[in-house]
**Student:** 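I'd like to ask some things about the structure below.
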Protein chains: 2
Amino acid sequence: MSAIRVLLAEDQAMILGALAALLSTERDIEVCARAHNGREALAALATARPDVLVTDIEMPEMTGLTLAAETRERFPATRTVILTTFARPGYLRRALEAGAKGYLLKDRPAAELADAIRRVHRGERVIDPELAAAAWTGDPDPLTERERQILWRAGDGRPSAEIAAELHLSIGTVRNYLSEAIGKLGATNRIEAARIARQKGWL
Amino acid sequence: MSAIRVLLAEDQAMILGALAALLSTERDIEVCARAHNGREALAALATARPDVLVTDIEMPEMTGLTLAAETRERFPATRTVILTTFARPGYLRRALEAGAKGYLLKDRPAAELADAIRRVHRGERVIDPELAAAAWTGDPDPLTERERQILWRAGDGRPSAEIAAELHLSIGTVRNYLSEAIGKLGATNRIEAARIARQKGWL
DNA sequence: CCGTGCGAATGACACCTGTCACGCGCCCCG
DNA sequence: CGGGGCGCGTGACAGGTGTCATTCGCACGG
C-alpha cells in the first residue's frame with residue numbers, strides 16, 4: 001500500500017515546517033508539497049495532486065475556506081482538512097459548506113492530525129467533537145439587534161452616555177439593554193458579556 | 001558531546017507536538033520536557049533542568065515573558081528563547097528585560113529554530129533582525145510591571161475586587177494603578193487603556 | 001376593540017470606577 | 001545620615017454601572 005500524499009498549507013513558515021516534521025514521522029503519510037498561502041496551495045494542488053489537503057484558515061492571498069471551495073470545484077479527488085486555531089461555529093459551518101471533510105483544532109493533541117488525515121482519506125468525516133456539539137446544539141444567538149449594537153460599542157470601552165447619544169436612546173435605556181445582555185450571556189459585567197459574545201461569534 | 005536539552009512551552013498542543021517532532025530530527029538537540037502553559041513549564045524547569053527553554057508568549061496561567069523572568073531568577077543555568085507570532089517591539093523589549101537570550105518569530109523558516117537554539121546555547125543572542133530595527137525607533141513602554149499585571153486582568157472584564165484578591169493588594173491600590181495606567185495611555189477608562197496597551201504590544 | 005407583547009423610558013438604589021490628596025515604610029544614592 | 005523615590009494603603013467624592021419595578025405608546029392578532 002502506498003503512502004497518503006498530503007499537501008500542507010500554513011502561513012507561518014516555522015509551523016509549516018514543524019507540521020511537516022510531525023507528519024514525516026508517520027510511515028503511511030508523505031508530505032508531497034507545502035504552501036505558504038492559498039494561491040501557492042492552488043498551484044501545488046495542480047502539480048502534486050495530493051490525496052489530502054491540510055490547510056489553515058487565516059492565510060494571506062486566499063483563506064483556507066476559499067481554498068477548500070476551490071479544491072472541491074477543481075480537484076475533487078483531493079479531500080480537505082481544515083486545521084485552525086479558531087473554535088468558532090461560524091467557521092466550521094462555512095468550512096463544511098465549502099466541502100471540507102475535516103475540521104481540526106490546533107490545540108488538540110498532535111497525534112490527532114495523522115489520525116484525521118487517515119480517516120478523511122478513507123472517506124470519513126472528522127469534525128472536532130466539542131465544536132460539532134457547540135455548532136449543532138449551538139445556542140443560536142440570544143441577542144436582539146439593539147443588544148448587539150449596544151454591546152458591540154460597550155465592548156470597546158465606550159461609556160453608556162456616548163452609546164446613548166450615538167443611537168439616539170436615553171442612558172437608562174442603554175443600561176437596561178446592557179443589563180439584559182449581561183444576563184442572557186451569563187456574564188457579570190458588560191466587558192465580560194462582550195468577550196463571550198465575540199467568542200461565540202455573535203458580535 | 002551530549003545533546004542540548006530543550007524544554008518546549010506552547011499552549012496549542014498540536015503545535016507543541018509538531019515543534020517537538022521538528023527538533024527531534026536534529027541529532028544534537030533533545031526535547032527533554034514539554035509544557036502547555038507557564039506554570040507547567042516552571043515545574044518542568046525544576047525537574048528536567050534543561051539547557052534551553054523555548055517558549056511561546058501568549059499562554060494561559062503564565063505568559064512566556066513572566067516565565068522568562070522567573071527562569072532567569074530561579075534557574076539561571078537555563079537560557080530562554082522566545083518563539084512567538086507577534087512582531088511587537090514592546091514584546092521584544094520586555095523579553096530582553098526579562099532575560100531572554102533569543103526572540104524568534106513563527107513565520108521564519110523552520111530551520112532557524114534549531115539554529116537559534118544552538119547559538120543561544122553557545123551564549124550568543126539571537127534576535128529577529130527586522131524586529132530589532134523596529135524596536136529601536138518605537139516609543140517606549142510607559143507601564144510598570146504592576147500596572148501591566150493589573151491592566152491585563154482588568155482588560156478582560158474582571159472587577160477591581162477580584163484583581164486585588166488575586167494579587168494580594170487592596171482594592172484601592174488596584175484602582176490607583178489603573179488610574180495611573182489610564183492617565184499614561186491617554187485613555188478614559190480601563191477598557192480603552194487595555195485596548196491601547198494591547199495594540200502597542202505593551203500587554 | 002381589547003389583550004398581549006415589545007421597544008423605549010424613568011426613577012431609585014447599591015455598588016463599582018476614576019481621581020485626588022495624603023500617609024507609611026523601605027531602600028538607595030548623594 | 002538624610003532626603004527622595006517607590007510600592008502600597010486609606011479615605012473621600014463625583015460620576016458611571018448593574019438591577020429592578022414600573023410606565024407609556026404602539027403594533028398585531030384574535
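Throughout, a chain's letter reflects where its sequence line sits, starting with A, and its residues are numbered from 1.
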**Student:** Starting at atom CD of A:Glu192, determine the distance to atom P of D:dT17, rounded to an integer number of angstrom.
**Tutor:**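 Taking CD of A:Glu192 and P of D:dT17, I get 16 Å after rounding.
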**Student:** Do you know the tightest heavy-atom contact between A:Ile82 and A:Gly64?
**Tutor:**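 Of all heavy-atom pairs spanning A:Ile82 and A:Gly64, the closest is CD1-O, 4.0 Å.
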**Student:** Are any side-chain N or O atoms of A:Asp51 and backbone N or O atoms of A:Ile4, one a donor and one an acceptor, separated by less than 3.5 Å?
**Tutor:**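 Flag not set: sc A:Asp51 to bb A:Ile4 has no pair under 3.5 Å.
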**Student:** Does A:Ser170 place a side-chain N or O at less than 4.0 Å from the phosphate oxygens OP1/OP2 of C:dA8?
**Tutor:**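 Result: no.
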**Student:** In whole Å, I'd like the distance from the CD1 atom of B:Ile191 to the P atom of D:dT17.
**Tutor:**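 Result: 10 Å.
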**Student:** Examine C:dG7: is either OP1 or OP2 under 4.0 Å from a nitrogen or oxygen in the side chain of A:Arg146? Give yes or no.
**Tutor:**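 Checking C:dG7 against A:Arg146, no side-chain N or O comes under 4.0 Å of OP1 or OP2.
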**Student:** In whole Å, what is the span from the CD atom of B:Glu180 to the P atom of D:dG9?
**Tutor:**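 Roughly 16 Å, once rounded to whole Å.
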**Student:** Rounded to whole Å, please give me the gap between CD1 in A:Ile171 and P in C:dA8.
**Tutor:**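 Nearest whole value for this atom pair: 16 Å.
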**Student:** Would one find a side-chain N or O of A:Arg175 under 4.0 angstrom from OP1 or OP2 of D:dT19?
**Tutor:**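 False: A:Arg175 side-chain N/O out of range (4.0 Å or more) of D:dT19 OP1/OP2.
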**Student:** Rounded to the nearest angstrom, tell me the gap between atom NE2 in A:His168 and atom P in C:dG7.
**Tutor:**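 Taking NE2 of A:His168 and P of C:dG7, I get 19 Å after rounding.
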**Student:** I need the CG-C1' distance between B:Leu178 and D:dG9, as an integer number of Å.
**Tutor:**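 These atoms are roughly 15 Å apart.
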**Student:** Heavy atoms from C-beta onward define the side chain here; which of D:dG18, D:dT17, D:dC8 lies closest to that of B:Thr173?
**Tutor:**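 Selected nucleotide (nearest to the side chain): D:dC8.
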**Student:** So, A:Lys184 side chain and A:Ile182 main chain: donor-acceptor pair closer than 3.5 Å or not?
**Tutor:**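 No: the side chain of A:Lys184 does not pair with the backbone of A:Ile182.
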**Student:** What's the closest nucleotide to the side chain of A:Ser179 if the choices are C:dT19, D:dT17, D:dT19?
**Tutor:**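 For A:Ser179, the side-chain atoms sit closest to D:dT19.
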**Student:** Which nucleotide, D:dG18, D:dC8, C:dT17, lies nearest any side-chain atom of B:Leu169?
**Tutor:**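 The closest nucleotide is D:dC8.
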**Student:** Out of D:dT17, C:dG18, C:dT10, which nucleotide sits closest to the side chain of B:Ile182?
**Tutor:**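 Of the candidates, C:dG18 comes closest.
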**Student:** Does C:dT17 have OP1 or OP2 under 4.0 Å away from a side-chain N or O of B:Ser160?
**Tutor:**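 For B:Ser160, the contact criterion (side-chain N or O under 4.0 Å from OP1 or OP2 of C:dT17) is met.
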**Student:** When you measure from the side chain of A:Tyr177, which nucleotide among C:dA12, D:dG11, C:dG7 comes out closest?
**Tutor:**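 Comparing C:dA12, D:dG11, C:dG7 against the side chain of A:Tyr177, the answer is C:dG7.
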**Student:** Side chains of A:Ser160 and A:Arg190: do they bring a donor and an acceptor to under 3.5 Å?
**Tutor:**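 The criterion, which ignores hydrogens and geometry beyond distance, is satisfied for A:Arg190 and A:Ser160.
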**Student:** Flag yes if more than 12 heavy atoms outside B:Glu58 fall under 6.0 Å of its CD atom; otherwise flag no.
**Tutor:**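 Enclosed: over 12 neighbouring heavy atoms sit under 6.0 Å from CD of B:Glu58.
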**Student:** For B:Ile163 and D:dC8, give me the distance from atom CD1 to atom P, rounded to whole Å.
**Tutor:**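 Value for this atom pair: 15 Å.
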**Student:** Once hydrogens and angles are ignored, does a donor-acceptor distance under 3.5 Å link the base of C:dT10 to the side chain of A:Asn176?
**Tutor:**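 Answer yes: a donor N or O sits under 3.5 Å from an acceptor.
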**Student:** Measure CD/A:Glu162 against P/D:dG15 and give the value in whole Å, please.
**Tutor:**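 In whole Å, D:dG15 P lies 18 Å from A:Glu162 CD.
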